[in-house]
Amino acid sequence: MRLLSIDFGTSNTVVALAAPGQAPRTVTFDASPLLPSAVYVAADGSVTVGREAQRQARLDPTRYEPNPKRRIDDGEVLLGDRVVPVVDLIAAVLRTVATEVRRQLGGAAPDEVRLTHPAQWGATRQNTLMSAARAAGLGSNIALLPEPVAAAAQYTQLPGRELMPGNSVAVYDLGGGTFDIAVVGRTQNAFHVLAEAGLADLGGLDFDQAVLDHVGRTASVAQPARWQQILRPADASSRRAARALAEDVRAAKETLSRYPQTEVALPDPFSDVHLTRQEFEGLIRPNLMRSIEALQGTLRSAGVGADRLTGIFLVGGSSRIPLVAKLISDQLGVTPVALDQPETAVALGALLVPVYREGSRTVAFGAPPADAGAALASGRYPGNVAPQGFSSASSGAQPLGGPGGGGPGGSGGGTGGQPPVGPRSGALNGPHSGSVPATGGRTARQGRRSRTPLFVGSGAAALLLITALVLLIARPWAGSETAGGSGPASPPVSGAPGSTAPPSTPGSVTALGTVPGVGPGKKMTPAELNFLGPKGNRLTRCEDVTTPFVNGTSGYKVKRALQCQLSEADAEAGSLFDRIVVYVFTLDSPAGAGKLLDQMAKDRTRGQYAADDKSTTVDTSQGKLRIVDSDQLKPLGTSNNGDGVPAISWALDSQPYVGAIVAVTSGGSSSLYDFFQINYQPR
């Protein structure tokens with residue numbers, strides 16, 4: 001039996017394969033077990049994946065998506081001038097996997113595919129992943145497994161490590177983009193996720209940024225203008241320098257996991273910067289302490305003390321940083337364990353988890369036996385439980401779905417066809433038409449579950465049927481409920497049929513509502529969203545910060561202040577290597593907005609960067625647009641080195657709003673001006 005497991009990660013995808021007569025192994029891509037999960041869509045629609053996508057990104061970063069997994073809730077992504085469904089992006093990565101695996105198997109397809117996912121993912125995200133897998137040509141015999149369950153199975157294969165019934169292990173997963181922590185217990189018959197949590201803003205990319213900020217404070221003193229050109233690339237040469245700098249910073253970080261010191265290579269005309277492990281650990285210690293606090297909180301939620309754990313298993317590439325193990329040992333008194341390549345733990349462990357069919361669920365069975373690896377190599381499945389899709393008299397397992405197959409998250413629909421020729425390219429096909437519509441699934445990092453048995457997959461068909469019935473029943477009453485006042489009415493679209501508001505004209509906000517209820521988290525008013533434009537829908541974590549802002553040190557008096565965050569994926573796609581916040585300030589009138597912009601122009605620190613300011617006025621269809629470019633604007637925050645924050649502020653002479661894009665973690669300005677022009681500047 002040929003068994004394939006895929007750990008589709010935020011930064012990298014890892015694939016493991018078990019075939020008769022061979023020991024379980026990871027599949028290599030360009031001589032590496034790590035396939036970057038990056039996708040580049042060229043102007044002609046051709047798609048490249050992995051390292052080639054990273055190289056192509058130097059030509060046009062707007063066509064590059066480095067982290068499709070982070071976009072799973074977005075539905076669609078704008079790459080260049082193309083709107084690409086997220087399902088297609090994920091499918092492009094998985095199609096590359098399918099093509100390479102078939103090549104290594106001499107043209108044969110795997111008999112079964114295991115796809116891992118974060119434990120917090122609900123039915124909606126799992127269905128998106130399943131749709132992408134089928135569109136990629138992985139067939140219909142696909143099982144979904146929670147990542148910590150797969151990691152726990154791999155933990156049991158380490159010398160001297162067992163997970164007996166009643167025991168539990170903590171899985172500490174620190175990857176390139178995110179941090180996840182889970183406590184996995186074992187009963188007599190199954191694995192259970194007792195509690196889990198995560199930090200969406202903690203990972204290797206944050207450590208890269210800390211190093212970049214550190215070397216920038218040293219290197220930029222001699223030629224600050226040139227340093228800003230690299231961080232704010234406006235031409236092909238600067239883009240190549242920025243990409244090379246990012247790669248050299250990452251390489252230096254990884255070197256410090258093996259050696260006590262290294263040189264960070266910088267582009268001309270800057271000299272290389274010497275960096276020690278001690279300096280690096282000082283830069284990242286505060287962030288790592290957040291992960292330790294999350295670990296301790298998850299243990300409390302699970303009701304398991306550190307002294308009762310069988311062990312703490314380190315997973316993910318960033319977990320190999322020596323300070324991680326040291327902090328865990330110092331704070332919890334437990335010495336964690338890890339593989340030589342912690343990135344591969346989940347993919348290898350997914351090969352080991354026996355699964356069986358129980359009604360409409362695919363259930364992860366108990367810990368695999370000690371000879372699981374040898375059993376896989378000989379073509380036998382570990383234990384007396386048959387793999388998904390295969391019957392067994394001893395286990396009572398049944399095939400999934402019969403003809404047409406199907407699996408958790410859907411039925412039938414498997415493509416079953418040969419994937420496109422060529423492991424790195426191919427046109428994007430349209431699998432999104434068969435994807436499951438959103439049904440309000442649980443989002444990542446949404447609290448912790450406590451002592452809840454976690455089963456792989458779900459009765460998706462039943463869920464969809466129930467959802468359809470609810471929508472069918474609820475639709476006739478939707479209008480009457482809104483009219484009756486039992487729920488807030490949706491703001492009418494200006495100029496739409498049935499709308500009582502007059503059609504809006506360019507620059508007019510009188511026809512738009514001023515009550516929050518649209519945009520990310522429905523925290524924006526229609527007028528605020530109109531001011532930001534369509535890209536305002538891509539922001540995250542929006543909140544009303546009027547009270548703390550007005551009462552803060554800035555002294556800016558506004559009627560309302562809205563604060564949102566730019567996703568790290570969007571920031572990286574825009575060559576922004578900082579944590580980005582977007583503000584919308586509401587004033588009494590357009591004149592009031594102009595006065596606030598005057599104050600921001602006055603407050604910006606004039607120093608060595610003043611000559612680079614790009615403050616300007618532009619004529620647009622909505623009136624005159626005024627832009628204030630500030631490298632150091634202290635009233636909106638203080639960066640890591642104590643200076644003010646880089647900011648781009650703007651206002652239209654026809655609207656009572658001021659927008660601001662702020663790099664809150666930087667000691668120097670980033671590509672904010674270019675990013676503003678591409679995404680938010682009115683035309």
Side-chain angles (χ1 to χ4, degrees), residues 5 7-9 114-126 129 143-157 161-175 178-200 291 294-306 308-316 319 334 336 345-356 358 361-368 408-409 441-460:
S5 66
D7 177 19
F8 174 61
R114 307 274 182 85
L115 270 173
T116 65
H117 61 84
Q120 300 97 334
W121 277 20
T124 301
R125 291 176 174 181
Q126 292 183 36
L129 185 60
L144 298 181
L145 292 173
E147 291 168 0
V149 168
Q154 181 63 24
Y155 173 83
T156 65
Q157 300 301 296
R161 304 289 174 176
E162 287 185 281
L163 194 61
M164 303 299 292
N167 292 341
S168 56
V169 60
V171 177
Y172 179 104
D173 188 350
L174 184 60
T178 59
F179 167 72
D180 295 284
I181 180 65
V183 178
V184 180
R186 187 201 166 191
T187 64
Q188 192 66 39
N189 297 317
F191 286 120
H192 299 269
V193 176
L194 304 181
E196 89 275 346
L199 297 171
S291 74
L295 168 58
Q296 293 170 327
T298 306
L299 291 176
R300 288 193 296 270
S301 296
V304 178
R308 293 173 51 199
L309 287 172
T310 300
I312 298 177
F313 190 31
L314 302 184
V315 175
S319 70
V334 178
V346 171
L348 289 171
L351 296 174
L352 304 173
V353 182
V355 298
Y356 69 97
E358 184 181 271
R361 297 176 300 185
T362 303
V363 182
F365 201 63
R442 179 184 178 92
T443 60
R445 283 65 170 179
Q446 189 176 343
R448 301 182 178 104
R449 291 192 298 256
S450 178
R451 296 190 178 278
T452 303
L454 188 144
F455 297 95
V456 186
S458 62

Rounded to the nearest 0.5 Å, what separates atom [atom1] in [X] from atom [atom2] in [Y]?
{"X": "T310", "Y": "R161", "atom1": "OG1", "atom2": "CZ", "value": "9.0 Å"}
{"X": "H192", "Y": "R186", "atom1": "NE2", "atom2": "CZ", "value": "10.0 Å"}
{"X": "I181", "Y": "T298", "atom1": "CD1", "atom2": "OG1", "value": "5.5 Å"}
{"X": "D7", "Y": "E147", "atom1": "CG", "atom2": "CD", "value": "5.0 Å"}

- Task: Give me the one residue out of T116, V193, V315, L194 that meets side chain to side chain contact (heavy atoms under 4.5 Å, CB included) with P148.
- Result: V193
- Item | Test applied, side chain to side chain contact (heavy atoms under 4.5 Å, CB included); reference residue, I312; option that passes from L295, V169, V171 |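 Between I312 and the candidates, side chain to side chain contact (heavy atoms under 4.5 Å, CB included) is satisfied uniquely by L295.
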- Item | Check: R114 side chain, V353 main-chain N or O, donor-acceptor pair, under 3.5 Å | yes
- Message: Closer than 3.5 angstrom, by distance alone: can the side chain of Q126 be matched with the main-chain N or O of W121 as a donor-acceptor pair?
- Response: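 Side chain of Q126 to backbone of W121: a pair is present.
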- Message: What I'd like to find out is whether the side chain of L309 reaches to under 4.5 Å of the side chain of S168, using heavy atoms alone.
- Response: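 Sidechains of S168 and L309: in contact.
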- Item | Flag side-chain contact, heavy atom, 4.5 Å: F313 against Q154 |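 A side-chain contact under 4.5 Å exists here.
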Looking only at heavy atoms, what is the nearest atom pair of [X] and [Y], with distance?
{"X": "A350", "Y": "A150", "answer": "N-CB, 3.6 Å"}
{"X": "S319", "Y": "G316", "answer": "OG-O, 2.6 Å"}
{"X": "R308", "Y": "G303", "answer": "NH1-O, 3.1 Å"}
{"X": "T156", "Y": "A153", "answer": "OG1-O, 2.5 Å"}
{"X": "A347", "Y": "S5", "answer": "O-OG, 2.5 Å"}

- In terms of heavy-atom contacts, does CD of E162 have more than 12 from other residues, nucleotides or ligands at under 6.0 Å?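 Not buried by this count: 12 neighbours or fewer within 6.0 Å.
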- Sorted by chain and residue number, the ring pair (Phe, Tyr, Trp, His ring centres under 6.0 Å) partners of Y172 (sequence neighbours excluded) come out as F179
- Item | Q120 and D180: CA distance, side-chain angles, deciding distance, side-chain contact (heavy atoms from CB on, under 4.5 Å) verdict | CA-CA 9 Å; Q120 300 97 334; D180 295 284; 3.4 Å; yes
